[in-house]
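Structure first, then comments.
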Amino acid sequence: MDKNTESIIDVVTVDEKKNKTKKTIIKVVSIFSASVIGLCALGGVVLYNIVKSNINYTKQQAKEIALSQVPGQVVYVTKDIDLDHLGLEYNIKIKDKNNIIREVTVDSKYGAISDFENYYYND
């Protein structure tokens with residue numbers, strides 16, 4: 001073999017090694033990414049089940065609790081996950097007789113009012 005043939009064989013061998021290395025890196029990154037996504041999904045499912053098991057009061061019961069403390073008309077109700085206690089909180093907006101919007105937060109596990117906020121609203 002002459003020198004040109006040897007250098008071409010060396011270049012082909014180096015290119016093959018680079019391609020194998022690239023494929024290996026791609027496989028490792030793909031497996032790692034899939035593992036991370038799978039663990040995040042599993043964590044989400046576990047969190048959802050824990051939060052769901054901590055619900056002792058329904059949306060309707062939370063509205064009744066809030067209305068017993070702040071008489072008025074319920075404007076709307078939202079649910080938020082409370083990560084500190086791994087439960088749901090119902091945020092209930094109530095328009096009272098003075099046209100003041102009051103937001104009452106009721107814990108879904110204990111049925112306790114955990115927060116009040118006032119907003120002014122004019123018709």
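When reading the values below, keep in mind they use all heavy atoms of this one structure, side chains included, and skip hydrogens, waters and symmetry mates.
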Check: residues 80-87 side-chain donor-acceptor pairs under 3.5 Å, at least two apart:
{"residue": "Asp80", "atom": "OD2", "partner": "Asn91", "partner atom": "ND2", "Å": "2.4"}
{"residue": "Asp82", "atom": "OD1", "partner": "Asp84", "partner atom": "N", "Å": "3.3"}
{"residue": "Asp82", "atom": "OD2", "partner": "His85", "partner atom": "ND1", "Å": "2.6"}

Considering only distance and modelled atom types, tabulate donor-acceptor pairs under 3.5 Å from the side chains of residues 33-50, sequence neighbours left out.
{"residue": "Ser33", "atom": "OG", "partner": "Val29", "partner atom": "O", "Å": "2.9"}
{"residue": "Ser35", "atom": "OG", "partner": "Ile31", "partner atom": "O", "Å": "2.9"}
{"residue": "Asn49", "atom": "ND2", "partner": "Val45", "partner atom": "O", "Å": "3.3"}

State the [atom1]-[atom2] distance between [X] and [Y], to the nearest 0.5 angstrom.
X	Y	atom1	atom2	value
Tyr57	Ile55	OH	CD1	13.5 Å
Ser114	Glu89	OG	CD	4.5 Å
Asn98	Ile100	CG	CD1	5.0 Å

Taking all heavy atoms of [X] and all of [Y], pick out the closest pair and write down the distance.
X	Y	result
Arg102	Asp96	NE-OD2, 2.9 Å
Val77	Lys59	CB-CE, 3.8 Å
Asn99	Lys95	OD1-CE, 2.8 Å

Who pairs with [X] by side-chain contact (heavy atoms from CB on, under 4.5 Å), at least two apart in sequence or on another chain?
X	answer
Gln60	Thr58, Lys63, Glu64
Ile113	Ile65, Gln69, Val104, Val106, Phe116
Lys93	Val75, Tyr76, Ile101, Glu103, Tyr119

Qualifying residues under side chain to side chain donor-acceptor pair (under 3.5 Å), relative to Asp115, sequence neighbours excluded: none
